[in-house]
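In the text below, chain A, chain B and the rest are named by the order of the sequence lines, each starting its count at 1. Keep in mind it's a predicted model, so treat the numbers as computed, not measured.
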Amino acid sequence: MENRQLTCIGCPMGCQIEVGMQDGKILSVQGFSCKRGEAYARKEVTHPERMVTTSVPVSGGTMRMVSVKTTGEVPKEKVRDCVRALKGITVKAPVYIGDIVADNLAGTGVSAAATRNVERND
Amino acid sequence: MYDVIIIGAGAVGCAAARELSRYELRGCVIDKNYDVCEGTSKANSGIIHAGYDAEPGSVMAKMNLAGSSMMDALAEELDFPFRRNGSLVVCRREEDRCRVQELLERGKKNGVSGLRIVEQDELRAMEPNISDSALCALYAPTAGIVCPISMTIAFAENAAENGMKFMTGTEVLDIQKENNTFTVKTDRGVLETRAVVSAAGIRSDYFHNRMNSGRIHITPRRGEYILLDKTCGGHVKHTIFPLPTSLGKGMLTAPTVHGNLLIGPTADDTEDREGTNVRREGLDYLKSRAGENVKDLPLDQMITSFAGLRAHEDGHDFLIGESQETPGFFEAAGIESPGLTASPAIGREIAEMISEKYGFRRKKNFKSVRKGIVKPLEMTEAERQALILSDPAYGTIICRCNTVSEGEIRDAVQRPLGATTLDGVKRRTWAGMGRCQAGFCTPRIMDILAEQRGLALTDITKCGPGSELTAGRLKDSL
Amino acid sequence: MYDYDLIVIGGGPAGLAAAISAYENGIRRMLILERDRELGGILNQCIHNGFGLHTFKEELTGPEYAARYVRRVYELGIEIWTDTMVLDISTDKTVTAVNRKRGIVRLSAKTVILAMGCRERPRGALGIPGFRPAGIYTAGTAQRLVNMDGVMPGREVVILGSGDIGLIMARRLTLEGALVKVVAELLPYSGGLKRNIVQCLDDYGIPLQLSHTVVDIRGRKRVEGVTIAEVDDKLKPVPGTEKDYACDTLLLSVGLIPENELSKSAGVELSRATKGPVVDESLETSVQGIFACGNVLHVHDLVDNVSEEAAYAGRSAARYAAGVSAGARSQKVAIKAGPHVRYTVPSFVDPERADEALTIRFRVTDVLTNCSVKVLFDGVPVKTYKKRVAAPGEMEEVKIIREAFLAYPGLAEITVMIETEA
């Protein structure tokens with residue numbers, strides 16, 4: 001029986017969660033303060049995922065860069081590939097929160113959406 | 001072919017350049033750094049010494065007094081900050097009283113006016129924060145504080161406006177003389193000139209020894225400083241000195257013309273001619289000894305520390321003049337304290353020597369007045385308002401700590417010998433020199449530099465090639 | 001006759017929330033003064049997730065969180081001047097500001113809310129020995145260069161300070177292609193949120209060296225390397241423990257300082273512990289009609305707390321402007337920081353003016369496990385609750401209901417303290 005110690009990243013509380021595992025199967029989860037924490041711990045020990053945030057250049061806008069985030073979590077091992085997938089992309093102003101900037105990053109099925117508004121620089 | 005090439009764009013080199021630009025001649029100032037005033041002249045105490053410290057009869061003493069007497073007129077003419085706040089050499093032991101007396105005598109011999117010894121009551125009235133152990137002090141009312149950077153840049157701009165050329169980012173590798181012409185070999189080409197002036201600071205021994213068989217030796221003497229926030233600028237009014245030692249005038253505490261409080265320097269001999277790093281031992285020394293003459297120093301208000309190298313020559317006097325062995329080679333070597341004070345006088349002396357030797361004629365249209373960067377903060381509110389309405393750039397504040405506007409930064413870039421680097425902007429406007437140490441304004445200054453100079457943001461440097469502030473754009477290396 | 005009933009200094013999360021709350025509590029003639037080109041303050045460059053879980057019950061990035069408040073401010077038609085720097089606030093609440101369009105203007109205000117945020121402690125204030133090359137940045141400045149300007153501060157990075165900004169930037173730079181070699185932390189514990197250690201350092205294999213600091217910086221024009229040494233329990237470098245790291249960038253995340261120059265000129269009394277204004281239960285400073293909230297009052301970890309605090313300040317300002325709570329205080333019960341507590345905000349309370357519940361926010365002095373937070377009225381415990389872990393990097397809060405005050409007439413002093421199990 002293996003005991004894995006995790007810090008939950010679901011919210012700033014950072015509860016210390018202990019997951020008991022055997023042969024890759026979860027036997028017990030303790031230490032969480034909410035459902036999200038329990039869900040996080042279960043996922044983290046089997047198929048950890050992350051949200052990814054980065055920024056891409058804007059052309060013709062009042063700002064140089066637009067910040068983006070993935071529309072869902074991606075497998076942890078694909079995080080860097082997702083950022084790399086945005087290399088070379090420039091968004092044309094105007095761009096608004098929620099606008100999809102790139103689809104299906106690194107084959108994850110997850111997209112990148114703008115998280116700020118950038119108006120056209122007229 | 002030049003008439004005069006000056007090696008070194010520090011206080012002495014720029015003062016000489018300005019004085020020489022009064023004459024009809026082709027002159028050029030060469031400096032290995034990318035801007036003027038990037039050597040010792042930018043990292044010193046900023047003190048205009050009264051002149052009691054120098055050995056009577058020495059060149060140092062003569063130049064100190066001469067330079068000091070020129071300051072008021074020059075500060076007015078060339079528009080740089082200077083004021084005579086007076087200095088106090090503090091004595092804390094009865095047995096040292098004779099040393100104070102000695103300084104007084106020396107000062108009188110050197111021609112310093114107004115010197116007198118002040119006793120406890122008067123001393124404490126003058127300086128409430130003077131150390132409790134202070135017994136008496138030598139008071140020199142003529143001593144002053146100046147911004148060495150503003151002064152040097154003022155000389156340089158005025159020289160440039162009057163026709164002097166400046167080649168920065170150019171290192172002089174060697175000088176040779178053949179017949180009556182000097183060949184100046186630099187890392188960017190070869191120049192020829194009739195006369196050379198070495199104002200090369202730390203490297204002045206190298207050039208002296210190339211031109212003379214009698215050798216001199218410069219020992220870089222590191223001086224480290226602590227600068228305190230502007231809220232501490234009134235902690236003392238005068239420049240407070242300890243009694244001098246063989247290593248020099250010692251650690252002072254002084255207000256600066258910008259409103260900060262300066263503590264230092266240390267005196268650490270090094271062989272590293274580029275050793276402008278601040279050492280742990282230097283900081284410890286400053287912090288532990290700072291309170292000897294001044295009490296309650298708010299050392300937790302330190303905003304930065306820095307170091308400069310004094311060009312200390314073994315013989316401990318200025319070497320100023322024309323080489324007998326190699327006529328046409330003029331120098332100001334071994335210029336350590338009171339070098340800053342002496343610089344205008346040294347510049348004038350060298351210019352007079354050269355103009356006399358070669359018979360250069362005075363220009364009829366020499367522009368003697370130089371206007372510095374327009375400072376809204378020093379204007380009346382009505383003037384400031386009119387300025388902003390005529391040029392909105394003065395209405396955008398870029399450096400919040402020192403309230404420096406975009407208009408001033410643009411001026412710094414556009415004027416003669418304008419800034420091309422972040423440090424260049426800082427030194428001309430004092431943006432980035434405040435308590436946040438350019439944390440807020442750096443990206444904004446980079447923006448303005450890029451726009452004004454037609455560069456990409458990633459081209460902007462701190463002080464020239466090799467000091468790029470950024471490393472490309474996001475994802476470049478993915 | 002005043003130019004405005006309320007002037008809010010700062011259009012970041014604190015200023016925006018305060019202004020909206022002031023509007024919702026009746027103030028109409030108000031003005032937000034913001035020095036940057038757009039509203040949103042520091043949130044504009046905080047492009048990472050983690051904001052809004054309390055406020056909006058969803059996780060948002062900084063810009064998204066700001067956008068919600070900015071939209072509301074525009075919906076309400078609140079007057080905003082951007083690109084405007086406030087130069088001075090006088091003791092009679094005259095605000096002097098400057099911008100391109102109007103030049104210098106003096107505005108009289110009935111009420112002022114201070115929401116100027118904070119600045120970063122620079123290398124110079126730390127006194128790290130060495131040269132002064134290009135490549136030394138505070139983490140926030142680097143964050144601005146990356147997220148707003150799209151440029152990399154460097155390629156090989158060492159970070160000093162494990163506060164949240166340093167941790168966030170460790171991840172940010174790594175994702176954009178830099179190599180972050182190590183994060184050094186002076187104290188024996190990290191100052192940032194535990195979640196950030198996981199998702200910014202552990203995820204990327206970036207080592208964290210606690211009880212270490214930078215003792216030298218090499219490189220004359222650009223950083224070439226730094227030396228890191230272990231420190232003893234007096235936080236002094238231990239000779240012989242030095243280790244050199246080749247790098248071209250040093251990021252500093254070594255302290256945030258509330259930006260109170262304007263507060264000082266207004267005559268506002270500052271707390272030595274927080275470097276922010278001393279305030280009462282309504283977040284009013286020592287100058288009547290001047291309120292403070294957000295990072296300028298005390299540095300926060302979570303923007304949700306900033307919004308809540310700022311909303312409270314807005315409400316207090318509205319009541320002051322309406323003449324509801326102006327005038328001298330009848331009672332001043334001091335709130336003291338007891339054992340293991342570094343400071344409390346507010347510093348005192350007038351029980352008669354307190355709301356249904358008084359929120360006292362505080363920070364502990366060190367990392368404590370299995371401890372009890374105790375609130376004492378004149379030495380008598382009135383509230384106790386257990387905490388598994390309390391850390392200096394995580395602001396705490398305790399609420400006291402009005403009834404508790406009413407049950408203690410003649411109360412002189414409240415103490416917030418931590419009792420450890422030892």
Side-chain angles (χ1 to χ4, degrees), chain B residues 226-227 231 274 276-283 287 300-306 376 381 384-389 392-397 400-401 403 405-406 422 435-440 442-443 446-447 457-458 461-478, chain C residues 35 83-85 87 96 98-106 119-135 137-138 140-141 144-156 175-179 215-222 237 248-249 252 257 259 261 264:
Chain B
I226 289 175
L227 191 70
T231 51
E274 309 216 293
T276 53
N277 50 314
V278 173
R279 304 161 305 142
R280 159 113 283 135
E281 304 93 306
L283 285 171
K287 286 185 183 157
D300 63 331
Q301 295 297 305
M302 173 172 74
I303 63 173
T304 193
S305 54
F306 60 92
E381 209 170 281
R384 198 169 166 193
Q385 189 68 352
L387 177 66
I388 295 172
L389 295 175
Y394 286 96
T396 296
I397 304 298
R400 51 142 187 233
C401 297
T403 320
S405 66
E406 184 186 329
L422 184 73
R435 63 182 61 91
C436 91
Q437 289 290 291
F440 178 76
T442 292
M446 288 170 66
D447 252 342
L457 215 53
T458 44
T461 67
K462 184 175 189 288
C463 56
S467 69
E468 283 73 19
L469 287 163
T470 55
R473 304 195 52 81
L474 306 196
K475 302 181 182 61
D476 272 357
S477 56
L478 287 182
Chain C
R35 71 179 169 206
D83 258 315
T84 302
M85 184 71 76
L87 300 175
T96 307
V98 63
N99 65 32
R100 299 171 92 88
K101 282 202 285 270
R102 300 162 198 263
I104 301 181
V105 283
R106 284 207 209 296
R119 63 182 156 86
E120 300 180 279
R121 182 175 282 116
R123 181 261 180 110
L126 235 60
I128 303 175
F131 287 88
R132 294 165 301 288
Y137 290 106
T138 50
T141 303
R144 177 150 186 133
L145 286 170
V146 172
N147 294 334
M148 309 293 276
D149 295 317
V151 293
M152 293 294 279
R155 293 186 182 92
E156 290 191 7
L175 285 180
E176 296 298 334
L179 173 65
V215 295
D216 193 27
I217 301 175
R218 288 182 302 289
R220 280 157 230 268
K221 299 204 168 154
R222 174 85 202 190
D248 67 359
T249 310
L252 302 169
I257 304 159
E259 191 70 72
E261 307 318 315
K264 276 190 241 168

## Note on the structure
Note: vs chain C, highest number of non-hydrogen pairs under 4.5 angstrom among B/Ile388, B/Leu387, B/Leu283, B/Ile226 is B/Ile388
### Task
Under 4.5 Å, counting heavy-atom pairs only, tell me which of B/Gln301, B/Arg279, B/Arg384 racks up the most with chain C.
B/Arg384
### Task
Tell me, out of B/Thr276, B/Leu457, B/Thr458, who's got the most heavy-atom pairs with chain C below 4.5 Å.
B/Thr276
#### Entry: Salt-bridge criterion met for B/Arg435 and C/Glu261 (N-O under 4.0 Å)
yes
## Note on the structure
Per-residue tally against chain C (heavy atom, under 4.5 Å) across B/Gly439, B/Ser305, B/Ser405 peaks at B/Gly439
### Query
Would you call C/Lys221 and B/Glu468 a salt bridge, taking side-chain N to carboxylate O under 4.0 Å as the test?
no
### Task
Could you check B/Glu274 against C/Phe131 for side-chain contact (heavy atoms from CB on, under 4.5 Å), going step by step and ending with a plain yes or no?
CA-CA 10 Å; B/Glu274 309 216 293; C/Phe131 287 88; 5.7 Å; no
### Summary
Of B/Arg280, B/Glu281, B/Gln437, the largest count of non-hydrogen pairs under 4.5 angstrom with chain C goes to B/Arg280
### Task
Determine whether B/Thr470 and C/Met152 make a side-chain contact, defined as any pair of heavy atoms from C-beta on separated by less than 4.5 Å.
no
### Query
Does the distance from a Lys or Arg side-chain N to an Asp or Glu carboxylate O, for C/Arg100 and B/Glu406, drop under 4.0 Å?
yes
### Query
In terms of heavy-atom pairs under 4.5 Å with chain B, which of C/Lys264, C/Arg106, C/Arg121, C/Glu120 leads?
C/Arg106
### Query
Only one of B/Thr396, B/Thr403, B/Ile397 forms a side-chain contact (heavy atoms from CB on, under 4.5 Å) with C/Met85, so which one is it?
B/Ile397
### Query
Which one, C/Val98, C/Ile104, C/Thr141, leads in non-hydrogen pairs under 4.5 Å with chain B?
C/Ile104
### Query
Between C/Gly177, C/Pro122, C/Gly130, C/Gly103, which residue shows the highest count of heavy-atom pairs closer than 4.5 Å to chain B?
C/Gly130
#### Entry: Contact leader toward chain C among B/Leu227, B/Asn277, B/Leu478, B/Thr231, where contacts are heavy-atom pairs under 4.5 Å
B/Asn277
### Query
Would you call B/Arg400 and C/Arg119 a side-chain contact if the rule is heavy atoms closer than 4.5 Å?
yes
